[in-house]
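Reviewing the structure listed below.
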Amino acid sequence: MKEQLQNLLTKCIHDLKDQGLLSEMPSKVRLDHTKDKSHGDYATNIALILAKQAKTNPLILAQTIIDQLDGADFIEKTEIAGPGFINFFLSDKSSAAVINEIIEGGDGYGTSNIGVGQSILLEYVSANPTGPLHVGHGRGAAYGATVSNLLRSLGYKVDNEYYVNDAGRQMDILSVSIFLRYLALCGETIRFPDNGYQGKYINDIASNIMEIHGVNFHKEAALVFEGICKDELEGGNKESHIDELISRSKELLGEGFKSIFTVGIESILSGIKKDLAEFGVVFEKWFSEQSLIDNGLSEASIKRLQESKHVYKKDGALWFKTTDYGDEKDRVVVRDNGNHTYFASDIAYHLEKFERGYDKVINVWGADHHGYIARVKASIAAFDHNPEKLEILLVQFANLYRGGKKVQMSTRSGSFVTLEDLRNEVGNDAARFFYILRKSEQHMDFDLDLAKSKTNENPVFYIQYAYARINSVFKQAQEKGVVFNYKDADLGLLTEESEKTILRELSRYKGVIESSAMQYEPHQLAYYLRELASQFHSYYNACPFILDDQELTQARLTVIHATKQVLYNGLSILGVSSPESM
RNA sequence: GCGCCCAUAGCUCAGCUGGAUAGAGCAACGGCCUUCUAAGCCGUAGGUCAUACGUUCGAAUCGUAUUGGGCGCACCA
C-alpha cells in the first residue's frame with residue numbers, strides 16, 4: 001500500500017518537474033504512517049521540504065501537489081494540515097486488500113524479497129567455553145537469534161555462527177581447575193587457586209573424569225604444589241601461581257592433561273549447545289579457534305601481514321600497525337614468548353569469514369568489547385577487504401532485579417545466575433521477549449518478578465492472551481455453527497472505531513518487519529505486537545464478534561483471524577510461542 | 001587523562017533518523033464481569049525531554065560546552 005502511494009507521489013513530482021515547478025526530489029521527503037488517526041493513514045512532509053526550492057509557501061505547494069494526484073481508487077481523500085503536511089485517508093478497499101493478503105499469506109505473511117540473493121554471516125554469543133552461559137550471554141543469544149529471524153524473513157540467507165574460543169591460556173586454566181577438583185576427589189587436600197574457575201560445574205566435570213578414567217590421573221598434592229610460587233591471597237601473584245600450576249600439571253600428566261581438557265570442553269560445550277537449543281537459538285556452525293591454529297590459517301594470515309608490511313618487531317613481539325587504519329595504538333599479534341594473542345586468532349577468523357564470500361558479516365558483541373572494533377576492521381582493511389561489510393552490533397549488559405534489588409554477580413567466583421536458571425525461573429517465552437524488549441545498546445534492568453508474573457503487568461502474557469482469546473472466539477463460533485469464510489466477508493460493514501483502528505495497525509506489520517530487520521532492532525517488533533494486542537483487547541471489549549447478523553459476524557471474524565495470524569507470525573520471529581489457550 | 005555508549009512521567013522504557021498537542025507499560029486514583037477467557041477494558045492524574053548556548057519555517061531528535069552515570073583504554077581472553 002505504501003509503495004503504491006510512494007509511486008503516485010513520485011510520479012506527481014515528475015509531472016511537476018516537467019512543468020518546471022520543481023527541480024530535484026530530495027531524499028528527506030518522508031511518507032509515514034500517522035500517529036494520530038485524525039491525520040489520516042499516511043502523511044508526507046513533501047510540501048514542507050520542497051517549498052523552498054519551489055519558491056512558494058508550503059500550503060500552496062501542497063495544494064498544487066494534491067491537484068496533480070488524480071484519484072487513485074485506494075485513496076478516499078487527502079487533506080492539507082498543519083504547516084503543510086498532506087494527509088492521505090485510504091479507502092476501505094485498501095484495508096480489505098491487506099486483510100486478504102494476510103490470510104492468504106498465512107504463516108509466511110510478512111516475508112518479502114528485499115534480501116533475496118544476499119547472504120549474511122551472523123556471529124553471536126561466542127561465549128568462552130569455560131563455564132555455562134549466564135544471563136548476560138542470554139541477551140546476546142536472544143538478540144542474535146531474533147535478528148537472524150528478521151533478516152531471513154526479508155529473504156536474506158543467514159548463517160548463524162558461534163565462535164568457540166577453545167584455544168589459549170584460558171583453556172589451560174580450565175583444565176587445571178578441573179584437575180585440582182579431581183585430585184580432591186582422589187582424597188588429596190588442595191588449595192584451590194584464586195584465579196581458577198570456581199563454579200560447581202567444575203566439580204561435576206571432575207567426577208565425570210573419575211567415572212571415565214578412574215584414578216589414572218591421581219598425583220600427590222605435595223608433588224603438584226612443590227615449589228610453586230605463592231598465590232595472591234597468600235601474598236604472591238595469582239597469574240604466576242596458576243601459570244606454574246599449568247606447567248607442572250602438564251609435566252606430571254603428559255597426555256593425561258589433554259584428556260582432562262577434552263572431557264572438560266566437551267562437557268561444557270555440550271551444555272552450552274543444549275542450553276541454546278532449548279532457548280530456541282540454533283547455530284549452523286560452531287567455529288573452533290583451535291582449528292585456525294591446527295590448519296595453519298592463523299600462521300598464514302600473519303605471514304600475509306608480514307608480506308604486505310603491516311607488521312613490525314618491537315621488544316621481541318610482533319606488532320600489527322592498526323594505527324594505519326585509524327586504531328589508537330598498534331596491537332601485538334605474537335608475544336615475545338612466541339604465543340599468538342587472541343587478536344591473532346581473530347584476524348585469521350575474520351579473514352576466513354570474508355573469504356567465505358558473504359555479502360555482509362555481522363558480529364554481535366558485548367558492549368565491553370567496543371574497543372576491539374577498530375583493530376578488527378583494521379585487519380580486514382589490511383587484507384584489502386571492505387571493512388564496511390563488517391557490521392558490529394553491541395549489546396549492553398543486563399542487570400537482574402529480584403524483589404526490587406539488584407542481583408549481584410561475579411563470574412570468577414562462580415556466583416552468577418546462569419541462562420538455564422533464568423529460563424527455569426521465568427520460562428523461555430518471557431526470557432526471549434524481555435531480552436529484546438529493550439534497544440540492544442541500552443542497558444537493561446531485567447525484572448525477574450515481572451517476567452514471572454502471570455498478570456496484566458507482564459507484556460508477554462498480554463500478547464499471548466490476545467492470541468489465545470481469538471482462538472477461543474473461533475472455538476465458540478464453531479460450536480454455534482458459524483461457518484467462517486473470509487472470502488464472503490464484506491469489510492465495508494466495519495464502521496466501528498475500534499475495528500478501523502485494528503485494520504490500520506494490521507497494514508503496518510510488513511513495514512515494521514522491514515524496519516526492525518534493516519535496523520537490527522527487534523524491539524520495534526515487540527512494541528508493535530503489544531500495540532496490536534492492545535487494540536485487539538479494546539476491540540474485544542467494544543464489539544461482540546459472534547452475532548445474529550451473519551454478514552457482520554463474517555466481517556469481524558475475518559479481522560480477528562488476520563490479527564491472530566499476524567500475532568502468530570510476529571511472536572514466531574521473536575521466538576515466543578503462541579498458546580492456543582491460557 | 002583519552003575514546004565509545006547513555007540521560008525522556010514516581011519506576012522500566014518507546015519516540016519510526018528534523019515534523020503536527022512528547023507516548024506506552026507498571027505503580028496511584030475512579031469505574032466495568034447474568035453476554036465470545038477480567039491474564040481484559042474504559043477513565044483520571046502524572047513532564048522545564050539532565051543543563052546552557054547554537055543550527056532553521058520547526059529540535060527530545062542535529063552541533064558545541066557543562067553536569068551526572070556505564071564501559072573500554074594488556075605482549076588477558
Side-chain angles (χ1 to χ4, degrees), chain A residues 28 30 32-36 38-39 43 45 48-49 51-52 57-58 81-85 87 128 130 165 167-171 173 239 289 314-319 328-329 331-343 345-346 366-374 394 396-397 401 404 437-439 441-447 450 453-462 464-466 468-477 479-480 498 508 511-512 515-516 519 521 523-524 526-528 530-531 533-534 536-547 556 560 581-582:
Chain A
K28 291 172 90 173
R30 301 194 59 85
D32 289 314
H33 275 279
T34 52
K35 286 183 215 163
D36 190 329
S38 67
H39 297 144
N45 60 352
L48 290 163
I49 301 286
K52 200 177 270 177
N57 172 317
F85 290 98
N87 296 336
N128 285 351
T130 53
N165 293 114
R169 181 163 170 267
Q170 295 302 319
M171 292 298 104
I173 296 177
E239 305 295 345
E289 179 186 0
K314 196 182 94 183
D315 303 331
L318 194 66
W319 297 71
E328 48 190 25
K329 56 178 285 196
R331 311 290 173 177
V332 170
V333 284
V334 183
R335 283 188 264 161
D336 56 6
N337 65 9
N339 289 341
H340 289 194
T341 58
Y342 169 83
F343 181 40
S345 299
D346 244 9
D368 54 333
H369 283 71
H370 67 77
Y372 281 77
I373 297 175
L394 298 177
Q396 287 285 359
F397 290 127
Y401 281 80
L437 190 56
R438 302 296 172 229
K439 228 156 83 179
E441 68 262 34
Q442 192 84 259
H443 296 267
M444 75 176 276
D445 289 340
F446 196 123
D447 186 334
L450 179 61
S453 81
K454 300 201 170 182
T455 67
N456 54 355
E457 46 190 55
N458 190 328
V460 191
F461 285 94
Y462 183 80
Q464 290 180 321
Y465 181 45
R469 251 185 167 178
I470 295 171
N471 202 54
S472 166
V473 171
F474 276 97
K475 218 184 278 171
Q476 298 274 337
E479 281 166 16
K480 290 183 182 164
S498 52
R508 278 185 57 209
V512 169
S515 171
S516 309
Q519 296 177 71
E521 292 188 347
H523 75 276
Q524 286 185 29
Y527 274 88
Y528 169 83
R530 193 164 66 176
E531 184 60 29
S534 161
F536 165 74
H537 287 308
S538 296
Y539 188 27
Y540 182 96
N541 277 273
C543 305
F545 304 126
I546 304 164
L547 321 122
R556 288 189 171 160
I560 65 169
S581 67
M582 292 173 77

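Numbered from 1 within each chain, the chains take letters A, B, ... in sequence-line order.
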*Could you run through RNA chain B and flag its stems, i.e. three or more consecutive Watson-Crick or G-U pairs with both distances under 3.5 Å?*
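Paired runs of 3+ in RNA chain B: B:1-5 with B:69-73, B:10-13 with B:23-26, B:28-32 with B:40-44, B:50-54 with B:62-66.
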Protein-nucleotide distance ([X], atom [atom1]; [N], atom [atom2]), rounded to Å:
{"X": "A:Y539", "N": "B:rC41", "atom1": "OH", "atom2": "C1'", "answer": "15 Å"}
{"X": "A:Y401", "N": "B:rC13", "atom1": "OH", "atom2": "P", "answer": "8 Å"}
{"X": "A:Y342", "N": "B:rC75", "atom1": "OH", "atom2": "P", "answer": "16 Å"}
{"X": "A:F461", "N": "B:rA39", "atom1": "CZ", "atom2": "P", "answer": "13 Å"}
{"X": "A:M444", "N": "B:rC5", "atom1": "CE", "atom2": "P", "answer": "21 Å"}

_salt bridge (charged side-chain N to carboxylate O under 4.0 Å, His left out) partners for A:R331, two or more places apart_ =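 Salt bridge (charged side-chain N to carboxylate O under 4.0 Å, His left out) list for A:R331, sorted by chain: A:D327.
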*If only side-chain N and O atoms of A:R508 are considered, is one of them under 4.0 Å from the OP1 or OP2 phosphate oxygen of B:rC16?*
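Result: no.
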_Please confirm whether the shortest side-chain N or O distance from A:R469 to OP1 or OP2 of B:rA38 is below 4.0 Å._
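Answer is yes, contact under 4.0 Å.
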Nearest-angstrom distance, [atom1] atom, [N] to [M]:
{"N": "B:rU21", "M": "B:rA39", "atom1": "P", "answer": "39 Å"}
{"N": "B:rU8", "M": "B:rG72", "atom1": "C1'", "answer": "27 Å"}
{"N": "B:rC62", "M": "B:rG1", "atom1": "C1'", "answer": "28 Å"}
{"N": "B:rU67", "M": "B:rC75", "atom1": "C1'", "answer": "39 Å"}

*Of A:F397 and A:H370, whose nearest nucleotide on RNA chain B comes first from the 5' end?*
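Its nearest nucleotide being more 5', the pick is A:H370.
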_First of A:R169 and A:L394 reached from the 5' end of RNA chain B, by closest nucleotide_ =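 Between the two, 5'-proximity favours A:L394.
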*Can the positive tip of A:R508 be found less than 6.0 Å from the middle of the six-membered ring of A:Y528, inside 45° of the ring normal?*
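Not flagged: A:R508 not positioned over aromatic ring of A:Y528.
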_Can a donor-acceptor pair be found, under 3.5 Å and without considering hydrogens, that links the side chain of A:D315 to the backbone of A:A317?_
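Not confirmed, A:D315 side chain does not pair with A:A317 backbone.
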*Measure from the side-chain N and O atoms of A:S515 to the backbone N and O of A:G511, and report whether any donor-acceptor pair falls under 3.5 Å.*
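It does not hold such a pair.
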*asked:* Is it the case that the side chains of A:Q170 and A:T130 hold a donor-acceptor pair, with the cut-off being a distance below 3.5 Å and no angle test?
replied: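 Checked: A:T130/A:Q170 side chains show no N/O donor-acceptor pair below 3.5 Å.
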*Scan A:H537 against the nucleic acid and name what it touches under 4.0 Å (heavy atoms): base, sugar-phosphate only, or nothing.*
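Here A:H537 touches the backbone only, sparing every base.
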*asked:* Using 30° and 60° as the class boundaries, would you call the ring planes of A:F545 and A:F536 parallel, tilted or perpendicular?
replied: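 Ring orientation, 0 to 90° scale: parallel.
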*Answer yes or no as to whether B:rC36 has its base stacked against A:F545, where stacking requires a ring-centre separation under 5.5 angstrom and planes under 30 degrees apart.*
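Here A:F545 meets both the 5.5 Å and the 30° conditions.
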*Does the base of B:rG72 carry an N or O that pairs as donor and acceptor with the side chain of A:H369 under 3.5 Å?*
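When only heavy-atom distances are counted, A:H369 does not reach the base of B:rG72 through any donor-acceptor pair under 3.5 Å.
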